[in-house]
There are 2 protein chains.
Amino acid sequence: MVKKVTISDVAKLAGVSKSTVSRYLNQGYISDKNAAIIKKAITDTGFKSNFFAARLKTKFNKLIGIVVPRIDSYSAGQTLAGINEILTQEQYQSIIVTSELDSTKEIQAIHQFNQQGVDAIIVISVGITQEKLSLMQQYSTPTIFVGQQHPDLNYIKLNDEKAGMLLGQHLEQCQFKNCVYLNVNKSDKAIGIERCQGFLQAFNGNVHFINTDFSFEHAYLHAPEILKFKPDVIVGATDNIALGVFKYLQEKNIKIPNDIAVAGFGGYPVSEISSPALTTISFNFKLLGKNAAFSILKLLVGKTFHSCLEDNFKLLIRSSTQL
Amino acid sequence: MVKKVTISDVAKLAGVSKSTVSRYLNQGYISDKNAAIIKKAITDTGFKSNFFAARLKTKFNKLIGIVVPRIDSYSAGQTLAGINEILTQEQYQSIIVTSELDSTKEIQAIHQFNQQGVDAIIVISVGITQEKLSLMQQYSTPTIFVGQQHPDLNYIKLNDEKAGMLLGQHLEQCQFKNCVYLNVNKSDKAIGIERCQGFLQAFNGNVHFINTDFSFEHAYLHAPEILKFKPDVIVGATDNIALGVFKYLQEKNIKIPNDIAVAGFGGYPVSEISSPALTTISFNFKLLGKNAAFSILKLLVGKTFHSCLEDNFKLLIRSSTQL
DNA sequence: CTGTTAGCGCTTTCAA
DNA sequence: TTGAAAGCGCTAACAG
């Protein structure tokens, strides 16, 4: 049982003062001789700086709060991995809180992070509300919203409208005429509205809407409603939704794409494995995460940051829409 | 810009001392009258206790360090979600560090968490080494290893050997005679050795081994080596590995399971979507995560904890091994 | 370049 | 039941 070793222990062993050790640890305004002695003392004692003590003093201690809808989803995992990659390089650590797709919990988390005094906050948001806007005015912790946009906020997101158009164009070119679009709740403006509107701009056939949540299961259960519209193509607002439909169609022995074509958004790896492979818009969530991290780092050193819509996605035309 | 509100602000507003507020926040040795006043003052000011200050003083502040191999993997995501669910309920927060499947980084992370003074550590480990064992003797922070076992450690993991046997039995019953087993590095004892040995205990045919890493891509690239063994069944140590093979076989127009059967371990959702659906051992990683969290909570209140092998898995027989 | 000194915001004896 | 005072481990002036 090693006793927790503090900066004082190191100082004592090195025969210098605590501040000298502290200087060694931080800026490094220190003689080579002492630096060497302290270095040795640190390795000998196994000292690591106490995060909390340092933090309490400096109010800047390399801690980022991250709010994420769910931790066990592909897009969240990728985004977090991207954020993490950059943050780790810069020796930042992060505390992750899940909002469980609930706007109220998202707000609570932002509150808490502000009061706990993290250096900055990244919110992978489920939607911008009035309440969130006024919350952001109250607090001064640098904060970036990922995945949703609003002119009064720092945000970074994929251009969902453009992504919607891209898929719409493809299906238009395939000459589909009657589409069922499985959409998510419109409180998610990015997916529920922007993505969908982009699609409608480019696709000229009929479009019928059915509402689902984000889950494979929910889409599967609501799939029977689809058929009464006699569509020639079905679009899921996410790949999971599309694949829920997939399962249903296959069980009913409806051939994809011969009888009905299917397409989605996301580019989840499973879309490649399904049979037939799913046509989808493949988003680079990891890069989005990296860029979010870069942006928060900029904000942290006082540089200005420009909210932006990213084009990190591409159309993957696969067999589910083409013979 | 709301100024950060401290316990002093609340005390001032409530007309009591800091210690009274602190007591209200913690044990609650306080008059009803003051409790009410303080409660109001807290909501009025929007006060939230500063984590770091509290932590510095108490050395117990609801912070758990989690080491995870990768954040963007299905099993990690599920396990983290399970851990998170329980920890959140108990008002704990967690700092997640990725080891990138690297044992050295895992050790560094454990070091760092110990010195930063987290209350407890959960390590989703890539393998137990001598160095880790001696590390654990040095430090006193309650720590649980997930996914790997060793008699000298607190651990909780799935019974990989039993899982291996379960799949071996099935393939034996299918009367396969010549198997290629795509295994991962043996430094991952749970998957590389235990799972494999369980399989060998139950399966009586020939088994040839090929080494891969955990990735879909790697398995895909090494798939050509498989065919020279002319197997009637291929087993991947994880579903990703099996699916990498899947892709190769399909490209070569080899029929599954008619020409060669395929099976995996994991029960990743994608195994259900693939065509044919993949026979696999489905692990309940989320439950594993929950149980890990429960265990760490026990340890934290001083209760004894018994390391254990869990049976949260089942064999899913699907079309990739049966006509 | 270094040591002394004074806190960061909170909890926790100790008296009252 | 409450307040005053001390101090967790660290950093940051300040003087030297």
Side-chain angles (χ1 to χ4, degrees), chain A residues 2-39 41-42 45-63 91 93 112-119 141, chain B residues 2-39 41-42 45-63 91 93 112-119 141:
Chain A
V2 140
K3 209 193 139 306
K4 210 145 285 172
V5 16
T6 76
I7 201 171
S8 304
D9 300 319
V10 177
K12 211 174 297 168
L13 206 161
V16 297
S17 75
K18 288 193 303 177
S19 9
T20 307
V21 179
S22 175
R23 254 179 242 115
Y24 170 83
L25 259 22
N26 301 299
Q27 50 260 14
Y29 216 57
I30 199 173
S31 68
D32 289 353
K33 185 173 127 277
N34 273 346
I37 296 175
I38 293 172
K39 186 175 180 183
I42 286 177
T45 53
F47 169 81
K48 296 225 175 171
S49 174
N50 180 321
F51 202 81
F52 301 93
R55 163 116 221 137
L56 182 57
K57 190 62 189 177
T58 54
K59 349 219 100 279
F60 183 83
N61 213 314
K62 305 223 160 199
L63 220 221
Q91 323 260 47
Q93 290 191 316
Q112 189 164 30
F113 281 143
N114 268 284
Q115 280 292 341
Q116 289 185 345
V118 297
D119 296 322
T141 309
Chain B
V2 139
K3 208 190 142 304
K4 208 146 289 173
V5 15
T6 77
I7 200 170
S8 304
D9 300 318
V10 177
K12 209 174 297 168
L13 206 161
V16 298
S17 74
K18 288 194 301 177
S19 3
T20 308
V21 178
S22 176
R23 252 179 246 113
Y24 171 83
L25 258 22
N26 301 299
Q27 48 260 15
Y29 216 59
I30 199 173
S31 67
D32 289 354
K33 185 173 126 276
N34 273 346
I37 296 176
I38 292 172
K39 184 174 182 182
I42 286 176
T45 53
F47 168 81
K48 297 226 175 169
S49 173
N50 180 322
F51 202 80
F52 300 93
R55 162 117 221 136
L56 181 57
K57 191 65 191 176
T58 55
K59 350 214 104 285
F60 184 82
N61 213 313
K62 304 222 162 198
L63 219 221
Q91 324 259 46
Q93 290 192 316
Q112 189 164 32
F113 280 144
N114 268 285
Q115 279 294 339
Q116 288 185 346
V118 296
D119 296 321
T141 309

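Reckoned from all heavy atoms, side chains included, excluding hydrogens, waters and symmetry mates. We name chains A, B, ... by the order of the sequence lines, and we start the count at 1 in each one.
- Nearest heavy atoms, Leu63(B) versus Phe52(A): CD1-CZ, 3.4 Å.
- Using a 4.0 Å cut-off, no side-chain N or O of Thr20(A) falls inside it from OP1 or OP2 of dT2(C).
- Atom-to-atom, CG of Leu25(B) to C1' of dC10(C) comes out at 10 Å; the value is rounded to the nearest Å.
- When the side-chain nitrogen and oxygen atoms of Asn34(A) are compared with OP1 and OP2 of dC1(C), none of them lie within a distance under 4.0 Å.
- Protein atom CD1 of Ile37(B) is 15 Å distant from nucleotide atom P of dT1(D), rounded to whole Å.
- Backbone-only engagement by Phe47(A) is indicated by non-hydrogen atom pairs under 4.0 Å involving sugar-phosphate atoms exclusively.
- In this structure, the side chain of Thr45(B) engages the main chain of Ala41(B) through a donor-acceptor pair within 3.5 Å.
- Rounded to whole angstrom, the span from the CD1 atom of Ile38(B) across to the C1' atom of dT2(D) amounts to 10 Å.
- Heavy atoms only, all atoms of each residue included: Val118(A) and Thr141(A) are closest at O-CG2, 3.5 Å.
- Lys18(B) and Ala11(B) get closest at one heavy-atom pair: N-CB, 3.8 Å.
- Taking 4.0 angstrom as the limit, Asn50(B) places none of its side-chain polar atoms (N or O) nearer than this to OP1 or OP2 of dC10(C).
- When the nearest nucleotides of DNA chain D are assigned to Ser19(B) and Ile7(A) by heavy-atom distance, the more 5′-ward of the two goes with Ser19(B).
- When side chains are defined from C-beta on, Tyr24(B) does not count as touching Val16(B), because their heavy atoms never get closer than 4.5 Å.
- Between Gln91(A) and Lys62(A) the shortest heavy-atom distance is O-CD, 3.4 Å.
- With hydrogens and angles ignored, a donor-acceptor pair under 3.5 angstrom links the side chain of Lys57(B) to the base of dG7(D).
- The distance between atom CG of Asp9(B) and atom P of dG9(C), rounded to the nearest whole Å, is 9 Å.
- One can place OH of Tyr24(B) at 17 Å from C1' of dC10(C), the figure rounded to the nearest angstrom.
- For the pair Phe47(A) and Ile7(A), the tightest heavy-atom approach, listed with the atom from each and the gap, is CE1-N, 3.4 Å.
- Across the helix from dC1(C)-dG16(D) to dA16(C)-dT1(D), the helix axis at one end is tilted relative to the axis at the other end by 30° (nearest 10 degrees, each axis from five pairs).
- Looking at the side chain of Arg23(A), the nearest of the listed nucleotides dG9(C), dG3(C), dT11(D) is dG3(C).
- Distance Lys18(B) NZ to dG7(D) C1': 11 Å, rounded to the nearest Å.
- Nearest to the side-chain atoms of Ile30(B) among the listed nucleotides dA6(C), dT11(C), dT2(D) stands dT2(D).
- As judged by a 4.0 angstrom heavy-atom cut-off over every strand, Ser31(B) is placed among residues touching the sugar-phosphate backbone only.
- Contact between the side-chain N/O atoms of Ser17(A) and the OP1/OP2 oxygens of dG3(C) is found at a separation under 4.0 Å.
- Place Leu56(A) and Gly15(A) on DNA chain C by their nearest nucleotides, and Gly15(A) ends up nearer the 5' end.
- Following rounding to the nearest Å, Lys12(B) (NZ) and dG9(C) (C1') show an atom-to-atom distance of 13 Å.
- We find that CG of Asp32(A) is positioned 15 Å from C1' of dT2(C), with the value rounded to whole Å.
- Contact detail for Leu56(A) and Ala53(B): the closest heavy-atom pair is CD1-CB, 3.5 Å.
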